[in-house]
Amino acid sequence: MLIRMLRSTCLAVFSLALLTSPALAQKQSVVVYTAIENEQIADYMKALNKTLPNLDVKMLRLSTGDISARFMAEKDNMQAEAIWGVGATNILIFKSAGLLEPYAPKGLDRIQPLFRDKATPPSWVGIDIYMSAFCVNTEVTKKNNLPMPASWADLTKPVYKGQVVMPNPASSGTGYLSVASVLQRMGEAEGWKYLDALDKNIAEYTKSGSKPCKDAAAGERAIGVSFEYVALEMKKKGSPVEMVLPKEGSGYEMEANALTKKGAKNPAAKQFLDWAASDEAMALYAKYFAAVAVAGMPVPEGLPKDISKVVYPNDFDWSAKNRDRILAEWQKRYAK
């Protein structure tokens with residue numbers, strides 16, 4: 001009898017040890033929607049999986065417009081528990097629709113004011129800034145005797161007819177930031193006139209923000225209107241491209257994170273967002289972007305040390321409130 005009791009006690013202790021062992025404990029699942037580039041996700045996830053092996057991140061990655069449309073369409077049957085690296089303009093729309101749960105990730109006091117919702121606790125927290133940039137293939141320009149563009153104005157010159165590729169703003173955050181920055185900088189009347197002139201030179205409006213630069217890098221077109229990360233990546237990989245930040249000012253957008261209404265019930269979603277705002281994550285973002293939410297991070301080679309000197313200010317509230325109207329007008333004018 002005593003031996004049987006000892007065996008039962010040992011078995012119970014062993015079973016408890018199995019349940020509480022970090023290596024054997026059941027992983028906590030979290031559904032994350034993101035628009036971050038695939039190459040960056042692979043890099044970031046290596047660190048996340050090492051730091052938080054208990055998390056099972058089920059990730060859906062689409063372009064900004066597509067991931068936003070899906071999230072909005074699912075509002076009555078929400079699937080996403082955390083939003084990671086989606087444009088702040090779109091995040092503001094989610095907030096207005098009542099789809100987000102305010103949440104202050106650990107270390108919020110380190111986040112620069114520009115990179116967070118003004119409410120307390122915030123409904124969203126930014127992580128990095130990306131800028132519109134031209135990706136110019138120097139071999140194609142030389143072959144076709146094309147000058148190197150230096151400005152948005154240059155792209156409307158007849159010499160570039162059929163040589164410019166740009167993202168569709170309805171599906172691409174990069175496309176929308178470029179259109180919105182032109183309209184903010186020039187005023188809507190002159191801005192639409194400019195976009196009319198630019199349209200005459202456009203060979204294709206692509207679905208993703210990175211594809212114009214990749215097309216230019218492959219020699220399919222002379223100029224891709226994209227964003228700085230892709231231009232630098234293509235150059236690092238040996239493509240004959242130069243990155244041009246337009247002299248009137250690059251449009252910019254902020255990648256941001258948020259907790260969804262569904263995620264509010266899942267501790268794993270909050271744990272993920274804590275990591276996504278951590279110093280470890282910020283150091284990873286800083287490998288690709290000139291400005292991240294925590295000050296003092298090194299700037300990648302090839303990018304400006306002070307982006308305030310090269311970007312045109314973005315009124316995120318204006319961009320969010322007018323997005324549907326701007327996209328409807330854009331589709332009416334340029335959808336082919």
Visitor: Measure the spacing between CZ of Phe71 and CG of Asp66 and express it to the nearest 0.5 Å.
Guide: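 CG of Asp66 is found 15.5 Å from CZ of Phe71.
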Visitor: With heavy-atom distances below 4.5 Å as the criterion, would you say the side chains of Pro212 and Cys135 are in contact?
Guide: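 A side-chain contact is absent here, since even the closest heavy-atom pair is not under 4.5 Å.
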Visitor: What is the distance from atom CD of Glu253 to atom OG of Ser319, rounded to the nearest 0.5 Å?
Guide: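 Those atoms lie 7.0 Å apart.
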Visitor: Around atom NZ of Lys207, are there more than 12 heavy atoms from other residues, nucleotides or ligands closer than 6.0 Å?
Guide: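 At most 12 heavy atoms, drawn from other residues, nucleotides or ligands, come within 6.0 Å of this atom.
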Visitor: Would you say Ile307 and Leu303 are hydrophobically clustered, going by side-chain heavy atoms of ILVMFWY under 4.5 Å?
Guide: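 Yes, one cluster joins them.
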Visitor: What distance separates Asn137 CG from Cys213 SG, expressed to the nearest 0.5 Å?
Guide: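 Answer rounded to 0.5 Å: 10.0 Å.
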Visitor: How long is the span from the CD atom in Glu37 to the CD atom in Glu255, to the nearest 0.5 Å?
Guide: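 The CD atom of Glu37 sits 8.0 Å away from the CD atom of Glu255.
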Visitor: Hey, mind stepping through Tyr103 and Asp274 against side-chain hydrogen bond (donor to acceptor under 3.5 Å, both in side chains) and telling me if it holds?
Guide: CA-CA 10 Å; Tyr103 178 65; Asp274 287 345; 2.7 Å; yes
Visitor: Just by distance, no angles: are the side chains of Gln184 and Asn314 close enough, under 3.5 Å, to form a donor-acceptor pair?
Guide: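 Short answer, yes.
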Visitor: With a 3.5 Å distance limit and no angle check, can you tell me whether Asn168 reaches the backbone of Ser208 through a side-chain donor-acceptor pair?
Guide: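 Here the side-chain-to-backbone pair does not exist.
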Visitor: Can you hop from Phe272 to Val292 via hydrophobic side chains spaced under 4.5 Å?
Guide: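 Phe272 and Val292: one cluster.
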Visitor: How far apart are the closest heavy atoms of Leu232 and Met243, and which atoms are they?
Guide: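 Shortest heavy-atom contact: CG-SD, 4.1 Å.
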Visitor: Would you call the rings of Tyr334 and Trp330 parallel, tilted or perpendicular, taking 30° and 60° as the class edges?
Guide: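 The rings of Tyr334 and Trp330 stand perpendicular, inter-plane angle above 60°.
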Visitor: When you measure from the side chain of Lys200 to the backbone N and O of Thr156, does any donor-acceptor pair fall under 3.5 Å?
Guide: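 No; zero donor-acceptor contacts below 3.5 Å.
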Visitor: Hey, mind stepping through Val241 and Thr138 against side chain to side chain contact (heavy atoms under 4.5 Å, CB included) and telling me if it holds?
Guide: CA-CA 6 Å; Val241 297; Thr138 54; over 6 Å; no
Visitor: What are the two closest non-hydrogen atoms of Val86 and Ile91, and how far apart are they?
Guide: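 Between these two residues, the closest heavy atoms are O-CG1, 3.7 Å.
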Visitor: Could you tell me the separation between the CZ atom of Phe227 and the OH atom of Tyr130, rounded to the nearest 0.5 Å?
Guide: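 Rounded to the nearest 0.5 Å, the CZ-OH separation comes to 7.0 Å.
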Visitor: Are Glu74 and Lys262 within salt-bridge range, i.e. N to O under 4.0 Å?
Guide: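 No.
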Visitor: Using only atom types and a distance under 3.5 Å, with no angle test, would you say the side chain of Arg110 pairs donor to acceptor with the backbone of Ala277?
Guide: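 Confirmed, Arg110 side chain pairs with Ala277 backbone.
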Visitor: Can you check whether Pro147's main-chain N or O pairs, donor with acceptor, with Tyr160's side chain at less than 3.5 Å?
Guide: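 The answer is yes, because a donor-acceptor pair under 3.5 Å joins these two groups.
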Visitor: Between Thr34 and Ile36 (side chain of the first, backbone of the second, donor and acceptor by atom type, cut-off under 3.5 Å), is there such a pair?
Guide: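 Side chain of Thr34 to backbone of Ile36, a donor-acceptor pair under 3.5 Å: yes, one is there.
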Visitor: Going by heavy atoms in the side chains, are Thr260 and Gln79 under 4.5 Å from each other?
Guide: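 No; the side chains remain at least 4.5 Å from each other.
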Visitor: With a 6.0 Å cut-off (strictly less than), is the heavy-atom count around CG of Asn38, excluding the residue itself, greater than 12?
Guide: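 Atom CG in Asn38 is packed in, count exceeds 12.
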Visitor: If hydrophobic clusters are built from ILVMFWY residues whose side chains come within less than 4.5 Å, do Met72 and Ile67 share one?
Guide: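 Yes, Met72 and Ile67 fall within the same hydrophobic cluster.
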Visitor: Heavy atoms, side chains only, cut-off 4.5 Å: are Trp192 and Glu188 in contact?
Guide: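 Contact flag for Trp192/Glu188 side chains = yes.
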Visitor: What I'd like to find out is whether the side chain of Lys211 reaches to under 4.5 Å of the side chain of Val165, using heavy atoms alone.
Guide: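 Sidechains of Val165 and Lys211: no contact.
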Visitor: Between Leu155 and Tyr205, is there shared hydrophobic-cluster membership here, with clusters defined by ILVMFWY side-chain heavy atoms closer than 4.5 Å?
Guide: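 Yes; Tyr205 is reachable from Leu155 via cluster members.
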Visitor: Taking side chain as C-beta onward, heavy atoms only, is Ile129 less than 4.5 Å from Phe115?
Guide: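 Of all side-chain heavy-atom pairs linking Phe115 with Ile129, at least one is under 4.5 Å.
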Visitor: Do the side chains of Met282 and Ile127 get nearer than 4.5 Å, heavy atoms only?
Guide: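 Sidechains of Met282 and Ile127: in contact.
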Visitor: Could you check, using the six-membered ring where one of them is a Trp, whether Phe316 and Trp124 have ring centers closer than 6.0 angstrom?
Guide: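 Ring centres of Trp124 and Phe316 not closer than 6.0 Å.
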Visitor: Do the side chains of Val30 and Gln271 get nearer than 4.5 Å, heavy atoms only?
Guide: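 Contact flag for Gln271/Val30 side chains = no.
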Visitor: Parallel, tilted or perpendicular, judged at 30° and 60°: which one describes the rings of Trp84 and Tyr44?
Guide: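 Trp84 vs Tyr44 ring planes: tilted.
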Visitor: Carefully, step by step, assess Ser250 and Ser132 under the rule side chain to side chain contact (heavy atoms under 4.5 Å, CB included).
Guide: CA-CA 5 Å; Ser250 294; Ser132 52; 3.8 Å; yes
Visitor: Shortest non-hydrogen contact from Ser151 to Phe134?
Guide: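 Distance-wise, the nearest heavy atoms are O-CE1, 3.5 Å.
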Visitor: Any donor and acceptor pair, going by atom type alone, linking the side chain of Asp117 with main-chain N or O of Ser123 inside 3.5 Å?
Guide: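 The answer is yes, because a donor-acceptor pair under 3.5 Å joins these two groups.
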Visitor: List the steps, then state whether side chain to side chain contact (heavy atoms under 4.5 Å, CB included) holds for Val225 with Trp152.
Guide: CA-CA 10 Å; Val225 177; Trp152 289 107; 4.1 Å; yes
Visitor: Assess whether a salt bridge exists between Arg333 and Asp199, defined as any Lys/Arg side-chain N lying under 4.0 Å from an Asp/Glu carboxylate O.
Guide: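 Here Arg333 does not pair with Asp199 in a salt bridge, since their nearest N and O are not under 4.0 Å apart.
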Visitor: Indicate the atoms forming the closest heavy-atom contact of Ala268 with Leu55, along with that distance.
Guide: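 So the minimum-distance heavy-atom pair works out to CB-CD2, 3.7 Å.
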Visitor: Between Leu52 and Val31, is there shared hydrophobic-cluster membership here, with clusters defined by ILVMFWY side-chain heavy atoms closer than 4.5 Å?
Guide: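 Looking at the clustering, Val31 is in the same group as Leu52.
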Visitor: Using atom types as modelled and distance alone, determine if a side-chain donor or acceptor of Ser172 lies under 3.5 Å from a backbone N or O of Pro169.
Guide: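 Pair absent, no side-chain N/O of Ser172 close to backbone of Pro169.
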Visitor: Working to the nearest 0.5 angstrom, can you tell me the gap between Glu101 CD and Glu81 CD?
Guide: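 Here the interatomic distance stands at 13.0 Å.
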Visitor: Using a 3.5 Å distance criterion without hydrogens, assess whether the side chain of Asn201 forms a donor-acceptor pair with backbone atoms of Lys157.
Guide: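 It does hold such a pair.
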Visitor: Check this for me, if you would: do Glu329 and Lys332 make a salt bridge, where the nitrogen-to-carboxylate-oxygen distance has to be below 4.0 angstrom?
Guide: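 Counted as a salt bridge, because a side-chain N and a carboxylate O are separated by less than 4.0 Å.
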Visitor: Between Ala281 and Ala276, what is the shortest heavy-atom contact and its length?
Guide: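 Heavy atoms only, the tightest pair is CB-O, 3.7 Å.
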Visitor: Have Thr141 and Gln163 got a donor and an acceptor in their side chains that come within less than 3.5 Å?
Guide: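 Per modelled atom types, Thr141 and Gln163 side chains form no pair under 3.5 Å.
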Visitor: For Ala290 and Val299, which heavy atoms make the closest approach, and how far apart are they?
Guide: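 Answer, listing the atom of Ala290 first, then Val299: O-CG2, 3.7 Å.
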Visitor: Verify side-chain hydrogen bond (donor to acceptor under 3.5 Å, both in side chains) between Asn90 and Thr64, making sure each step is shown before the conclusion.
Guide: CA-CA 8 Å; Asn90 300 82; Thr64 301; 5.5 Å; no
Visitor: Do the non-hydrogen side-chain atoms of Tyr229 and Gln40 ever get within less than 4.5 Å of each other?
Guide: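 Touching, per the 4.5 Å side-chain cut-off.
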